[in-house]
Q: 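Can you keep this structure in mind? I'll have questions shortly.
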Amino acid sequence: MAITDKSDKEIIEIVEPMIDEVVDASNQKDWDSFSKYQTDEEARNPENRKSVERQWKESDLLISLTPEREILGVLRRGDVAVVYWKQTSTKAPGEYLATYHIKEIGNEIKEVGFLIV
């Protein structure tokens with residue numbers, strides 16, 4: 001069954017442990033853990049890594065994400081499922097919109113996007 005054919009609940013159950021790991025890795029500035037669910041192409045792309053590491057240096061938000069989140073919903077775009085939630089930080093005041101994009105590649109669920117605005 002394609003990821004986008006699953007129910008919102010099923011998608012959220014798949015994604016939440018992935019998000020937990022990515023949020024923790026971002027807080028720790030740990031590229032290997034942060035890129036664990038990315039496609040091999042993205043995880044090995046030196047420009048992608050440089051961009052993320054630059055953002056870690058420039059943004060208190062991305063290195064102080066709280067583990068608590070309020071999932072707002074799931075969107076489906078073609079073969080990609082997008083889970084979106086309210087994200088907060090221990091250093092940056094306010095609420096932020098976070099999205100985690102996943103796609104089934106082969107028999108694996110891979111991250112194809114992670115954004116906090």
Side-chain angles (χ1 to χ4, degrees):
M1 174 186 292
I3 190 69
T4 53
D5 292 336
K6 296 185 182 297
S7 70
D8 287 6
K9 182 180 181 208
E10 290 171 313
I11 291 170
I12 290 166
E13 286 174 355
I14 291 167
V15 168
E16 280 205 296
M18 296 169 74
I19 294 170
D20 288 341
E21 288 185 54
V22 170
V23 163
D24 185 58
S26 189
N27 288 340
Q28 302 302 318
K29 300 186 221 178
D30 177 354
W31 173 256
D32 291 332
S33 297
F34 182 82
S35 63
K36 176 180 177 179
Y37 296 109
Q38 293 179 1
T39 64
D40 290 341
E41 181 180 322
E42 284 294 310
R44 293 184 183 140
N45 181 328
E47 292 304 314
N48 181 35
R49 182 176 181 160
K50 272 198 253 184
S51 174
V52 170
E53 288 175 341
R54 178 185 47 77
Q55 291 175 60
W56 286 338
K57 287 180 185 174
E58 295 175 358
S59 173
D60 282 342
L61 170 65
L62 299 178
I63 58 170
S64 63
L65 302 170
T66 59
E68 301 80 27
R69 71 186 65 88
E70 179 185 342
I71 300 285
L72 300 172
V74 177
L75 300 173
R76 292 160 182 80
R77 297 182 186 147
D79 57 358
V80 175
V82 181
V83 177
Y84 58 102
W85 69 93
K86 284 184 189 179
Q87 180 66 57
T88 56
S89 162
T90 59
K91 294 183 181 176
E95 297 176 325
Y96 297 85
L97 179 64
T99 62
Y100 197 72
H101 307 238
I102 58 169
K103 179 178 180 177
E104 190 170 344
I105 300 174
N107 290 329
E108 293 183 291
I109 303 300
K110 291 293 191 174
E111 170 199 318
V112 293
F114 176 45
L115 179 66
I116 300 176
V117 293

Q: For a quick test of reading the model, state the closest non-hydrogen atom pair linking Ala81 to Ile11 and the distance between them.
A: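 Residues Ala81 and Ile11, closest heavy atoms: CB-CD1, 4.0 Å.
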Q: Are Leu97 and Val112 co-members of a hydrophobic cluster defined by side-chain heavy atoms under 4.5 Å apart?
A: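 In one cluster: yes.
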Q: Could you please spell out the steps behind the side-chain contact (heavy atoms from CB on, under 4.5 Å) verdict for Thr66 and Thr90?
A: CA-CA 6 Å; Thr66 59; Thr90 59; 3.8 Å; yes
Q: Compare every heavy atom of Ala92 with every heavy atom of Ser64, then report the nearest pair and how far apart it is.
A: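 Between these two residues, the closest heavy atoms are OG-N, 4.3 Å.
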Q: Which heavy atom in Glu111 sits nearest to a heavy atom in Tyr100, and how many Å separate them?
A: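 Looking at all heavy atoms of both residues, the closest pair is OE1-OH, 3.1 Å.
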Q: Any link between Ile14 and Ile105 through a network of hydrophobic side chains (Ile, Leu, Val, Met, Phe, Trp, Tyr) touching at under 4.5 Å?
A: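 Per the 4.5 Å side-chain linkage, Ile14 and Ile105 are not co-clustered.
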Q: For residues Trp56 and Asp30, report the shortest heavy-atom separation together with the two atoms involved.
A: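 Distance-wise, the nearest heavy atoms are CH2-N, 3.7 Å.
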Q: With rounding to the nearest 0.5 angstrom, report the CD to NZ distance, Glu42 to Lys110.
A: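 One gets 11.5 Å once the value is rounded to the nearest 0.5 Å.
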Q: Quick one: CD1 on Ile19 to CD on Gln87, what's the gap to the nearest 0.5 Å?
A: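 Going from CD1 on Ile19 over to CD on Gln87, the span is 9.0 Å.
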Q: Do Ile3 and Ile12 sit in one hydrophobic cluster, given that two such residues count as connected whenever their side-chain heavy atoms are within less than 4.5 Å of each other, even indirectly?
A: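 Same cluster.
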Q: Is it true that Ile63 and Leu61 fall in one hydrophobic cluster, defined by side-chain heavy atoms closer than 4.5 Å?
A: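 Yes; Leu61 is reachable from Ile63 via cluster members.
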Q: Do you know the tightest heavy-atom contact between Ala2 and Glu104?
A: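 Looks like CA-OE1, 3.5 Å.
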Q: To the nearest 0.5 Å, what is the distance between CG (Asp79) and OG1 (Thr4)?
A: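 Reported value, rounded in 0.5 Å steps: 6.5 Å.
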Q: So if I apply the side chain to side chain contact (heavy atoms under 4.5 Å, CB included) rule between Ile116 and each of Val23, Leu62, Thr99, which one comes out positive?
A: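 Only one option passes, and that is Leu62.
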Q: Check the side chains of Ser51 and Gln55 for a donor-acceptor pair under 3.5 angstrom, ignoring hydrogens and angles.
A: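 A pair is found: one side chain offers a donor N or O, the other an acceptor, under 3.5 Å apart.
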Q: State whether Lys50 and Glu53 are salt-bridged, where the test is any N-O pair (Lys NZ or Arg NE/NH1/NH2 against Asp/Glu carboxylate O) under 4.0 Å.
A: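 Salt bridge: no.
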Q: Go through His101 and Leu75 one step at a time and tell me if the side-chain contact (heavy atoms from CB on, under 4.5 Å) criterion holds.
A: CA-CA 9 Å; His101 307 238; Leu75 300 173; over 6 Å; no
Q: What's the separation between atom NZ in Lys103 and atom OG1 in Thr39, rounded to the nearest 0.5 Å?
A: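 Reported to 0.5 Å precision, the distance equals 9.5 Å.
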Q: Within the 4.5 Å heavy-atom criterion, are Val15 and Ile71 side-chain neighbours or not?
A: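 Not in contact.
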Q: Hey, is CZ on Arg77 packed in by over 12 heavy atoms from elsewhere, all under 6.0 Å?
A: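 Incorrect, the count does not exceed 12.
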Q: Nearest heavy-atom pair of Asp60 and Ser89: which atoms, and what distance?
A: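 It is O-OG, 4.5 Å.
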Q: Quick one: does any side-chain atom of Tyr96 pair with a main-chain N or O of Pro93 as donor and acceptor, under 3.5 Å?
A: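 Yes.
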Q: Using a 6.0 Å cut-off, check whether atom CD of Glu58 has over 12 heavy atoms from anything other than its own residue.
A: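 Yes - once you tally the heavy atoms of other residues, nucleotides and ligands closer than 6.0 Å, there are more than 12.
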Q: Between atom CD1 of Ile102 and atom NZ of Lys6, what is the distance when rounded to the nearest 0.5 Å?
A: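 Nearest 0.5 Å value for the CD1-NZ distance: 9.5 Å.
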Q: Are side-chain heavy atoms of Phe114 and Tyr37 found at a separation under 4.5 Å?
A: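 No, every pair of side-chain atoms sits at 4.5 Å or beyond.
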Q: Are Asn48 and Gln38 close enough that a side-chain donor and a side-chain acceptor fall under 3.5 Å?
A: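 There is such a pair (donor and acceptor under 3.5 Å, judged by atom type) between the side chains of Asn48 and Gln38.
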Q: Rounded to the nearest 0.5 Å, what's the gap from CD on Glu13 to OG on Ser7? Could you check?
A: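 Between atom CD of Glu13 and atom OG of Ser7 there are 7.0 Å.
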Q: State yes or no: do Val80 and Val117 share one hydrophobic cluster built from I, L, V, M, F, W and Y residues joined by side-chain heavy-atom distances below 4.5 Å, directly or via other members?
A: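 Looking at the clustering, Val117 is in the same group as Val80.
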